[in-house]
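What follows is a single structure, written as C-alpha cells, with notes after it.
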Amino acid sequence: MHTKEKTSSIVIRLIIAVIVAIYVLFPFFLLLINSGKVTADITSNPVSLAGASFSQLLENIKAVINDPNFLFWSSFGSSAIITVISLVLLSLFGAMAAWVICRNKTVWSTVIYFTFIASMIIPFQVVMLPLISTFRDVGKFIGIPMLQSIPGIVFAYLGFGGAMTVFILTGFIKGVPFDLEEAASIDGCSPEQTFFQIIFPLLTPVITTVTILNGMWIWNDYLLPSMMLGQNGKVMTIPIAIQKFVGSYVKSWDRILPAALLAIIPMIIIFLIAQKQIMEGMIEGAVKG
C-alpha cells in the first residue's frame, strides 16, 4: 500500500513538472518556430509549424545581422560592454559593502543596510523623470556626459542593482566564521588583504548567482537604456536596436523575432554553463543567511 502511494505521488509530481515545463518553454518554442517564417506566415498562424524551416531561419538571421539599420555587431558590443562592466563593479562593490555592513555592528551600518533594503521596494517608474534630470545636471557638473554614454548607464545600473546584490551577499557573509578574519589579522593581514584573500574567494558561489541574475536583467533591459541612451543615440543596446524593426504601421516580424532570438542565446548559454554554481549559491546563501 505504501509503495503504491509513493508511486502515485511520484507520477503526480512528474505530471506537474511536465505541465510547468511546457508552460515555461512554450514562449521560447513560439519564438523559435516563428523566427524561421516569413511575416505572412507569422501573422496568419503563429502557433502552427506551417511555413517554418531551418533555411528560412538562417535567411532571417542573416538579414538581421546585415541590416544597416539594426547595427547588430555594434549594439551587441555595446550590450556586452555595459553588462560586463556593470556586473564586475556590482560584484566587487556589493561584496565590499556587504562585508563592511556585516562586520561593523554599529547603528550606521544598520541604517545603511535597511536603506539598501528600502530602496528595493521603490518602483522604477517613480524615479524615471527625476533620474534623467539629475543625471543631466551631474554630467554638466563633473564634465562627463551621463546621458547617451556607457559610464552613465553603468552608474545607473550600479544604483539599481546594488540593493539586491548587497542583500544577497550580506545573508551569505553572516554565515562566514569570523575566526577566519581574526586568524588573518593575527598573521598580519590588513583589512584589504583579508577581504581579497579570505572573504572574496569564499563568495564565489553566491557571486555567480548574483552575477547571473543581474546579468539577465541588464542584458534584457529596455526601459532604462531607452531613457538614458535614447532611440537614436551613439550607444545602442540590442533591445533598443530591435525597436527599429517596429514602425507605426508596419512590424517586421521576420526581423523582430530572429533578432530577439539572437539576443537571448548568450544568456541561455551562460545559464546552462553556470546552472550548477547558481543552484549552489542559492542553497548556500539560503542556509547561511
Side-chain angles (χ1 to χ4, degrees), residues 31 35 60-94 119 122-165 210-248 251-252 255-271:
L31 174 63
S35 296
N60 289 346
I61 290 176
K62 184 178 179 180
V64 167
I65 294 176
N66 295 328
D67 192 295
N69 295 320
F70 183 59
L71 300 176
F72 172 76
W73 295 114
S74 175
S75 57
F76 186 91
S78 297
S79 290
I81 291 172
I82 291 170
T83 302
V84 170
I85 295 177
S86 300
L87 293 179
V88 170
L89 295 180
L90 276 171
S91 299
L92 180 61
F93 294 153
S119 67
I122 300 175
F124 174 73
Q125 291 77 5
V126 174
V127 298
M128 284 194 308
L129 296 180
L131 175 72
I132 301 304
S133 59
T134 300
F135 269 58
R136 184 183 295 111
D137 295 339
V138 170
K140 292 178 181 179
F141 179 76
I142 64 177
I144 300 175
M146 300 297 285
L147 298 178
Q148 296 186 347
S149 68
I150 291 179
I153 193 167
V154 167
F155 189 77
Y157 279 130
L158 289 180
F160 288 109
M164 186 193 72
T165 303
V210 170
T211 298
I212 296 297
L213 294 175
N214 284 327
M216 290 190 293
W217 158 55
I218 295 173
W219 182 268
N220 297 319
D221 188 27
Y222 171 79
L223 185 56
L224 183 59
S226 66
M227 294 178 58
M228 295 198 60
L229 301 178
Q231 298 290 338
N232 298 300
K234 295 180 180 179
V235 181
M236 186 182 304
T237 60
I238 286 185
I240 296 177
I242 294 176
Q243 180 67 25
K244 291 188 174 295
F245 293 128
V246 181
S248 300
K251 295 178 176 61
S252 303
R255 300 291 185 271
I256 296 174
L257 298 178
L261 182 64
L262 291 173
I264 67 174
I265 285 176
M267 288 296 104
I268 293 176
I269 294 174
I270 292 175
F271 180 82

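Small disclaimer: the values here were computed from a predicted structure and weren't measured.
- No side-chain heavy atom of L213 sits less than 4.5 Å from a side-chain heavy atom of V210.
- Counting heavy atoms from C-beta on, the side chains of Y157 and P225 come closer than 4.5 Å.
- Nearest heavy-atom pair across P68 and L71 is O-CD2, 3.4 Å.
- When the shell of 6.0 Å around CZ of F72 is examined, it contains more than 12 heavy atoms from other residues, nucleotides or ligands.
- At least one donor-acceptor pair under 3.5 Å links the side chain of S133 to the backbone N or O of P130.
- The distance from atom CD1 of I85 to atom CG of L89, rounded to the nearest 0.5 Å, is 7.5 Å.
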Exercise for the section: Could you please spell out the steps behind the side chain to side chain contact (heavy atoms under 4.5 Å, CB included) verdict for M236 and K244? Expected result: CA-CA 11 Å; M236 186 182 304; K244 291 188 174 295; 3.3 Å; yes

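- Atom CD1 of I269 sits about 10.5 Å away from atom CD1 of I264, to the nearest 0.5 Å.
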Handout entry: Verdict with supporting geometry, I65 and K62, side chain to side chain contact (heavy atoms under 4.5 Å, CB included)
Key = CA-CA 5 Å; I65 294 176; K62 184 178 179 180; 5.9 Å; no

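- Looking at every heavy atom in both residues, F135 comes nearest to M146 through O-CB, 3.4 Å.
- Between M164 and N214 the shortest side-chain heavy-atom distance falls below 4.5 Å.
- Counting heavy atoms from C-beta on, the side chains of D221 and T237 never come closer than 4.5 Å.
- One distance of note links CD1 of I270 with OG1 of T83; it measures 8.5 Å at 0.5 Å rounding.
- The shortest side-chain heavy-atom distance between F70 and I242 falls under the 4.5 Å cut-off.
- Going from atom CD1 of I238 over to atom CG of N220 covers 9.5 Å, rounded to the nearest 0.5 Å.
- Counting only heavy atoms from C-beta outward, the side chains of L223 and M128 approach each other to under 4.5 Å.
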Practice task
Under the side chain to side chain contact (heavy atoms under 4.5 Å, CB included) rule, what do I218 and L90 come out as? Steps first, then yes or no, please.
Solution key: CA-CA 12 Å; I218 295 173; L90 276 171; 4.2 Å; yes

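- Side chain of W219 to main chain of A263: a donor-acceptor pair is present (N/O by atom type, distance under 3.5 Å, no hydrogens or angles).
- Here the NZ-CG distance, from K234 to L229, works out to 13.0 Å after rounding to the nearest 0.5 Å.
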Problem - Derivation and outcome, side chain to side chain contact (heavy atoms under 4.5 Å, CB included), residues V235 and Q148 - result: CA-CA 6 Å; V235 181; Q148 296 186 347; over 6 Å; no

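- How far CD1 of I153 is from CG of L224: 5.0 Å, rounded to the nearest 0.5 Å.
- Taking the side chain as every heavy atom from C-beta outward, V64 and N60 never approach each other to under 4.5 Å.
- Counting only heavy atoms from C-beta outward, the side chains of V127 and F160 approach each other to under 4.5 Å.
- The environment of L129 atom CG is sparse: at most 12 non-hydrogen atoms of other residues, nucleotides or ligands sit within 6.0 angstrom.
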